[in-house]
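Please read all numbers here as calculations on a predicted model, not as lab measurements. Chain A is the first sequence line, chain B the second, and so forth, proteins listed ahead of strands; every chain is numbered from 1.
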Amino acid sequence: MSDTPVKTLAFEPERYELHAPAAYHFDLDRREFLASLGGGILVVLAAPAQQSGGHRGGFGRGMPQQIGAWLHIAEDGGVTVYTGKVEVGQNARTSLTEAVAEELRAPLATVRLVMGDTDLVPFDMGTFGSLTTPTMAPQLHRAAAAARELLIGLAAEKWKTERGGLAVAGGKVTNPATGQWATFGELTRGRKLVETIAADAPVTPAERWQVAGRSTPKVKGVDFVTGRHRYPSDIRRPGMLYGAVLRAPSFGAKLASFNDHAARATPGVVVVRDGEFAGVAAPDREAAERAVRSLRAEWKAAAQPSEGELFAYLKQHAEAGSPREQGSVAEGMAAADHKLRQTYTVAYIAHVPLEPRAAVAEWNGGRLTVWTGTQRPFGVRGELAAAFGLPEDRVRVLMPDMGSGYGGKHTGECAIEAARLARAAGKPVKLVWTREEEFTWAYFRPAGVIEVASGALADGSLLAWEVHNYNSGAAGIGTPYHVPHQRIVFHPTESPLRQGSYRALAATANHFARESHMDELARTLGLDPLVFRLKNCQDPRLAAVLEAAAGRFGWKHRKAAPGHGFGVAAGFEKGDYVATCAEVAVHRTTGQVRVVRVVEAFECGAVVNPDHLRNQIEGSISMGLGGALFEHIEFEDGKILNPRLSRYRVPRFRDIPKIEVVLVDRKDLASAGAGETAIVGIAPALGNAIFDACGTRLRSLPMAPNGVRVG
Amino acid sequence: MARVTELQVNGARRRIDAEASRSLLSVLRDDLDLTGAKYGCGEGQCGACTVLLEGQAVRSCVTPVGTAAGKAITTIEGLGPAGRLHPLQEAFLEAGALQCGYCTPGMILSGVALLLRNPAPGEAEIVRAMQGNVCRCGTYPRILTAIRLAAKKGGRP
């Protein structure tokens with residue numbers, strides 16, 4: 001095991017996601033697995049060579065030609081679909097089940113999804129980037145449509161008739177002319193068919209959906225309200241021990257001396273020291289915690305940057321970046337009547353998935369099996385294989401539907417730690433990170449500095465737009481408005497803290513900067529912020545969400561009570577369009593901000609599940625207002641100062657405004673993923689509303705951890 | 001060290017052998033395999049570990065098992081009358097008041113404790129009672145809807 005120096009793990013999150021390795025070519029010849037399926041029919045879908053990432057160009061580069069998914073119809077008619085995507089609360093299990101039931105014309109309850117089990121499912125890079133709906137759902141549509149056609153063929157053969165006259169509905173193939181019918185099971189019995197289909201097989205267009213497009217309730221919802229569902233941290237294995245890990249007192253500190261006499265003298269306790277890693281396994285959680293506390297360690301600390309110097313540090317350690325240019329910003333600025341230059345900053349924040357990282361590891365001969373919560377089961381398998389010098393086919397990672405991730409569980413350190421302890425103990429070991437470990441040893445949403453310069457004509461037409469983003473990332477860095485002269489630069493930097501993916505990545509930071517700046521510019525020009533946006537908008541889909549949100553909000557007829565203000569923001573990212581209107585109240589003396597009402601319009605192509613989409617949008621608004629107003633990681637010299645829920649404030653019931661969601665359903669457009677982009681509008685909408693309420697412009701996220709200084 | 005040898009959980013006596021200082025949460029989860037109560041923060045700040053002790057919502061992660069001995073403990077697994085759902089569990093499904101669902105058992109038990117105290121709570125009272133429970137997925141408005149729905153139906157099985 002190697003130690004994990006903070007700085008080498010720093011990565012720019014979007015690039016990190018895109019460069020996630022796809023080194024594994026699925027071996028179709030897994031006879032054992034195929035044999036375990038028994039009879040029936042198996043449809044194997046060859047994944048497209050170019051995975052469409054919507055507007056995220058270049059995504060497909062380096063993707064191997066591989067199997068996208070497979071679907072098996074057993075001899076009892078049961079449908080099982082195998083996919084590498086995982087369920088983390090975004091309800092992909094439900095939406096993908098809808099896709100299969102739609103094409104198979106079969107009841108939802110007959111379709112079962114096996115997700116994220118690396119021994120059973122085809123390789124998948126991971127569940128991130130809002131890619132499940134635009135890439136996996138169409139593949140499952142195709143696989144299920146092919147299975148349906150195969151079943152029709154089997155029925156036609158059986159009844160010695162033309163397939164054209166047959167129909168599929170309710171999990172049966174029927175011949176309306178003769179009244180004959182057969183269940184899927186009757187057709188697949190005694191068969192052992194494998195059909196490989198092309199990635200571009202035709203599917204049912206959204207206008208004709210019968211199952212998809214409806215508000216199907218969460219699959220296995222009852223298991224979640226009864227406690228029956230087993231999350232990764234709930235997995236139990238015979239003879240299992242509980243792990244705890246010795247943590248350094250600060251980032252970059254090295255173990256100088258180590259004494260484990262007390263722990264080793266405790267019956268039932270196993271101690272591991274391997275390089276910089278030290279941990280214990282014990283019969284129960286408290287015994288493990290006691291044992292790890294009894295370890296005597298001295299550390300050699302290394303100086304680390306602190307929060308106070310964060311933004312200067314990011315700029316000092318920045319690379320030049322490669323600009324995206326259009327026209328000439330210098331020319332545009334020279335011709336502008338009004339110019340504005342502002343700097344916006346974003347603090348590190350934590351994902352705080354309510355289920356911290358958890359893993360149960362078990363060795364069996366030379367094989368390692370790990371149940372763990374991750375958005376990248378195959379990525380974690382690779383990390384485990386590398387850490388223990390095993391070939392990947394000796395490692396199996398299973399990912400039970402987990403207690404959320406928000407981009408925060410891409411990596412496998414907890415799985416590796418559990419596996420290291422289990423190897424020493426010779427028994428399965430469960431390791432559940434404490435909340436403090438989760439706050440300290442996972443990774444954060446990147447902090448950043450964003451400089452925006454703009455120029456506009458007196459009539460409000462944008463002429464020039466220049467953005468420099470230091471560290472927070474390139475997602476959503478462009479502008480969806482029409483600007484002839486643009487210069488957009490992302491500057492990667494060294495990061496004082498370990499950072500990584502987060503719901504919507506840097507699109508939140510970049511939308512905050514851009515939409516705050518648009519508001520400032522509108523005020524400079526004396527224009528209504530909504531009118532100013534629409535004036536510079538040439539994208540009808542963006543205009544549509546702006547108008548939908550403003551219409552529901554009553555923007556035109558808004559009247560602010562004293563201390564109240566209104567704000568609007570809009571954007572585009574990952575194939576989704578969003579517009580957010582907010583009303584806030586700022587307390588005259590304390591400066592406390594109360595979010596009164598939020599209206600958000602959202603368009604992501606054809607809506608797959610309206611209720612689950614609303615749920616994602618409401619949730620994004622609730623989560624987003626934390627990062628907008630008060631969430632931030634405090635750190636000093638390699639220590640996180642607020643690594644607990646009593647010190648790090650997350651949104652709670654009292655913080656939540658009245659939320660209204662307007663869905664713009666475009667059945668004529670392919671469905672985009674929708675679990676992330678809904679979060680990007682809330683911060684600028686709130687900032688703009690706060691300015692409207694009290695005249696204070698806030699350019700740093702979080703905007704009001706201790707209220708707004710008014711005036 | 002004092003040990004606890006029996007708990008009354010979900011209407012049944014369960015034999016255990018645990019140090020009295022261990023948390024009720026880890027005994028429920030690790031010794032009795034009642035994993036519906038979740039670890040979220042270990043300091044009683046998130047409510048994921050909520051169970052009922054004599055009908056009151058408590059944070060089992062900061063409750064020593066010794067103090068729960070001899071008292072009626074209700075976990076999410078024992079909430080519904082045999083084979084059926086409690087009205088608040090039904091209301092959570094009806095309102096779609098979950099995403100990942102990790103907070104759900106604690107939310108439901110906090111809501112049940114509230115409805116036991118007051119079968120018809122007002123909005124402010126619901127928010128006050130639920131303020132200690134975190135849903136990081138942000139389904140708060142739906143959870144409020146679910147509690148109102150259950151209250152309308154009488155709130156008790």
Counting only heavy atoms closer than 4.5 Å, note whether B/Leu88 contacts chain A via side chain, backbone, both or neither. neither
Taking 4.0 angstrom as the limit, do A/Asp234 and B/Lys38 come out as a salt bridge? yes
If you measure from CG on B/Asn133 to CZ on A/Phe653, what distance do you get to the nearest 0.5 Å? 6.5 Å
Side chains of A/Asn91 and B/Gln99: do they bring a donor and an acceptor to under 3.5 Å? no
Looking at residues at least two apart in the chain, or sitting in another chain, which of them share a ring pair (Phe, Tyr, Trp, His ring centres under 6.0 Å) with B/Phe92? none
Structural part of A/Glu286 lying under 4.5 Å from a heavy atom of chain B: side chain
Name the region of A/Pro651, side chain, backbone, both or neither, that has any atom closer than 4.5 Å to a heavy atom of chain B. both
When heavy-atom pairs shorter than 4.5 Å are enumerated against chain A, which of B/Ala18, B/Ala97, B/Ser23 gives the highest number? B/Ser23
Indicate yes or no: does A/Glu631 engage B/Arg136 in a salt bridge with an N to O separation below 4.0 Å. yes
Carboxylate-amine/guanidinium contact A/Arg230 B/Asp33, below 4.0 Å: yes
Chain B contact via A/His351 - which portion, at a heavy-atom distance below 4.5 Å: backbone
Distance only, no hydrogens: is a donor on one side chain within 3.5 Å (strictly under) of an acceptor on the other, for B/Gln89 and A/Thr226? no
With no hydrogens and no angle check, is any side-chain donor or acceptor of A/Arg236 less than 3.5 Å from a backbone partner on B/Asp30? yes
Quick one: does any side-chain atom of B/Tyr102 pair with a main-chain N or O of A/Gly89 as donor and acceptor, under 3.5 Å? no
Given A/Asp611 and B/Arg142, is the salt bridge (Lys or Arg N to Asp or Glu O under 4.0 Å) satisfied, shown in steps? CA-CA 11 Å; A/Asp611 188 59; B/Arg142 287 161 178 256; 3.2 Å; yes
Tell me, for A/Phe439 versus chain B, whether the close heavy atoms (under 4.5 Å) come from the side chain, the backbone, both or neither. neither
Honestly, the part of A/Val88 sitting under 4.5 Å from a heavy atom of chain B is backbone
Donor-acceptor pair, distance only, cut-off 3.5 Å: does the side chain of A/Tyr406 make one with the backbone of B/Cys137? yes
Bottom line for A/Ile659: the part with an atom under 4.5 Å from chain B's heavy atoms is side chain
Using a 3.5 Å distance criterion without hydrogens, assess whether the side chain of A/Arg435 forms a donor-acceptor pair with backbone atoms of B/Gly40. yes
Taking atom SG of B/Cys100 and atom CD of A/Gln90, what is their separation to the nearest 0.5 Å? 10.0 Å
Minimal heavy-atom distance between A/Leu645 and B/Cys41, with the atoms involved, is CD1-CB, 3.7 Å
Bottom line for A/Arg644: the part with an atom under 4.5 Å from chain B's heavy atoms is both
Between B/Glu43 and A/Ser646, is there a side-chain donor-acceptor contact under 3.5 Å, judged purely by atom types and distance? yes
Taking B/Asp31 first and then A/Arg285, would you say they form a salt bridge - that is, a charged N and a carboxylate O separated by under 4.0 Å? no
Quick check on A/Lys430 against chain B: is it the side chain, the backbone, both or neither that has a heavy atom closer than 4.5 Å? side chain
Could you tell me which residues satisfy side chain to side chain donor-acceptor pair (under 3.5 Å) with A/Arg597, sequence neighbours excluded, listed by chain and number? A/Glu660
Chain B heavy atoms under 4.5 Å from A/Arg290: which part of the residue, side chain, backbone, both or neither? side chain
